[in-house]
Amino acid sequence: MAWPREAAKVAQKSRVPRKGTVGCDRSKFRIVLDVGHTAEAPGAMSARNVREFDFNLGLAKRIEEKLKADGFAETSLLVTEGKAKPSLFKRATAVNDSSAKLVLSIHHDAVPESFLEEWEFEGRKSHFSDRFSGYSIFVSRENRKFVSSLNFARLLGLKMKKQGLQFARQYSQPFMGRYRRKLLDKNAGIYQFDHLVVLQRARMAAVLFEAGSIINRDEELAMSSPERQDMISAAVTEAMQEFCKLR
């Protein structure tokens with residue numbers, strides 16, 4: 001697929017400077033890890049009937065531990081309560097009140113209902129789709145720190161790639177219909193999604209990270225494993241190290 005001319009210009013503008021150009025005090029670099037969805041509105045259901053919210057919370061805690069161990073002492077989890085839409089505005093207000101330098105929303109991916117197939121797991125009817133897999137990263141052009149958001153997104157995508165992980169390619173395809181997104185960086189797996197409330201309203205750099213597919217039966221097992229969670233946590237931490245140096 002050809003890389004859109006506009007996206008190429010954005011990527012050129014946001015090209016990451018060489019390492020070491022600016023100092024970084026990790027102990028004062030405030031990060032918010034926004035746990036996607038809520039206990040009341042838990043998001044997608046995995047192929048084995050586990051709530052997305054539980055995956056999001058588990059991975060966010062693992063990332064928080066890794067970042068704090070690496071010196072990012074001001075890292076905090078944001079866990080929101082309530083129904084889906086009101087909770088989005090609550091979390092947007094909370095991240096803006098935090099004075100963070102970056103908010104990273106942690107999610108896990110599923111597929112549109114039309115792609116789902118039925119199967120039975122442990123005596124219960126469930127749904128799966130093994131057609132797609134991989135992580136994806138979303139930024140909003142309406143975020144006031146769009147270029148900074150894109151910088152971090154690119155760093156994160158390249159660190160995920162370094163770990164041997166592939167991004168989800170389906171979002172740029174016509175068959176995705178209303179879920180189709182513009183692919184901004186085909187090397188790092190970054191898509192443009194302007195109207196995500198937290199990304200749109202955040203006054204700091206903001207990125208939404210779909211860590212992997214939990215509706216894909218094989219990838220669900222991988223996403224549950226400490227090994228995969230450690231790989232992702234390492235990618236986030238390395239990306240944060242470099243992003244902090246650019247501030």
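Throughout, numbering of the chain's residues begins at 1 and tracks the sequence. Predicted model, so just to flag it, every value in this text is computed and none were measured.
Side-chain polar atoms of S213 and D109 form no donor-acceptor pair below 3.5 angstrom. Side-chain contact of E219 with S133: a donor-acceptor pair under 3.5 Å is absent, judged by distance alone. A donor-acceptor contact under 3.5 angstrom links the side chains of N56 and E52, judged on distance only. Side-chain contact check for S126 and N49: at least one donor-acceptor pair (N or O, by modelled atom type) lies under 3.5 Å.
Counting heavy atoms from C-beta on, the side chains of M160 and L156 come closer than 4.5 Å.
A salt bridge links K159 to E242: at least one charged side-chain nitrogen sits closer than 4.0 Å to a carboxylate oxygen. Salt-bridge formation is not detected for the pair R141/D194: no Lys NZ or Arg NE/NH1/NH2 atom is positioned less than 4.0 Å from an Asp or Glu carboxylate oxygen. Between R201 and E142, no side-chain nitrogen of the basic residue sits less than 4.0 Å from a carboxylate oxygen of the acidic one, so the salt-bridge criterion is not met. Ion pair E74/K28 not flagged as a salt bridge, since none of the NZ, NE, NH1 or NH2 atoms sits closer than 4.0 Å to an Asp/Glu carboxylate oxygen.
A donor-acceptor pair is defined here as one N or O able to donate and one able to accept, closer than 3.5 Å; no such pair exists between the side chain of E64 and the backbone of S76. Side-chain N or O atoms of T38 include one that pairs as donor or acceptor with a backbone N or O of G82 at under 3.5 Å. A donor-acceptor pair under 3.5 Å links the side-chain atoms of N96 to the main chain of R203, judged by distance alone. Remark: side-chain polar atoms of E117 are not paired, donor with acceptor, to backbone N or O of H127 under 3.5 angstrom. Listed for the R91 side chain is a donor-acceptor partner under 3.5 Å among the backbone atoms of H37. Of the possible polar contacts, one joining the S149 side chain to the A206 backbone as a donor-acceptor pair under 3.5 Å is found. A side-chain donor-acceptor contact under 3.5 Å links Y135 to the backbone of G157. In terms of modelled atom types and a separation under 3.5 Å, the side chain of T237 and the main chain of A234 share no donor-acceptor contact. Under the 3.5 Å distance criterion, the side-chain polar atoms of N143 are matched with a main-chain donor or acceptor of L199.
Between atom NZ of residue K245 and atom CE of residue M240 there is a gap of 14.0 Å, rounded to the nearest 0.5 Å. Here CZ of F138 is found 5.5 Å from CD of E210. Values are rounded to the nearest 0.5 Å. Annotation: the span from S129 atom OG to R131 atom CZ amounts to 7.0 Å, rounded to 0.5 Å.
Ring centroids of F55 and H108 are separated by less than 6.0 Å, placing the two rings close together. Two rings, from F121 and F128, have their centers 6.0 Å or more apart.
For the pair R180 and Y171, the cation-pi criterion (under 6.0 Å, within 45° of the ring axis) is not fulfilled. A cation-pi arrangement is absent between R178 and F193 under the rule of less than 6.0 angstrom and at most 45 degrees off the ring axis. Taking the ring centre of F167 as origin, the terminal cationic atom of R169 falls inside the region bounded by 6.0 Å and 45° from the ring axis. For the pair R217 and W119, the cation sits on the ring face: its NZ or CZ lies under 6.0 Å from the ring centre, inside 45° of the axis.
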Chi angles and distances behind the side-chain contact (heavy atoms from CB on, under 4.5 Å) call for L116, V111
CA-CA 7 Å; L116 292 175; V111 295; 3.6 Å; yes
Show the numbers, then the answer: is there a side-chain contact (heavy atoms from CB on, under 4.5 Å) between R26 and Q241?
CA-CA 8 Å; R26 297 181 191 178; Q241 291 167 357; 3.7 Å; yes
Evaluate side-chain contact (heavy atoms from CB on, under 4.5 Å) for S140 paired with L196, printing each intermediate quantity in order.
CA-CA 7 Å; S140 169; L196 289 167; 5.7 Å; no
May I have the step-by-step check of side-chain contact (heavy atoms from CB on, under 4.5 Å) for N187 and K161, ending in yes or no?
CA-CA 8 Å; N187 195 34; K161 184 177 180 180; 2.4 Å; yes
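Note on residues 215-247: pairs passing ring pair (Phe, Tyr, Trp, His ring centres under 6.0 Å), not counting sequence neighbours, are F152-F243.
No more than 12 heavy-atom neighbours from other residues, nucleotides or ligands sit within 6.0 angstrom of CD on E81. Heavy-atom contacts from other residues, nucleotides or ligands closer than 6.0 Å to CD of E113 number 12 or fewer. Counted within 6.0 Å of CZ on R228, heavy atoms from surrounding residues, nucleotides or ligands total more than 12; the atom is thus considered enclosed.
With sequence neighbours excluded, no residue forms a ring-ring contact (aromatic ring centres under 6.0 Å, His included) with F72. In terms of the side-chain hydrogen bond (donor to acceptor under 3.5 Å, both in side chains) criterion, residue partners of R51 (sequence neighbours excluded) are, by chain and number, D54.
At a threshold of 4.5 Å between side-chain heavy atoms, the hydrophobic network of Ile, Leu, Val, Met, Phe, Trp and Tyr places I63 and V103 in two separate groups.
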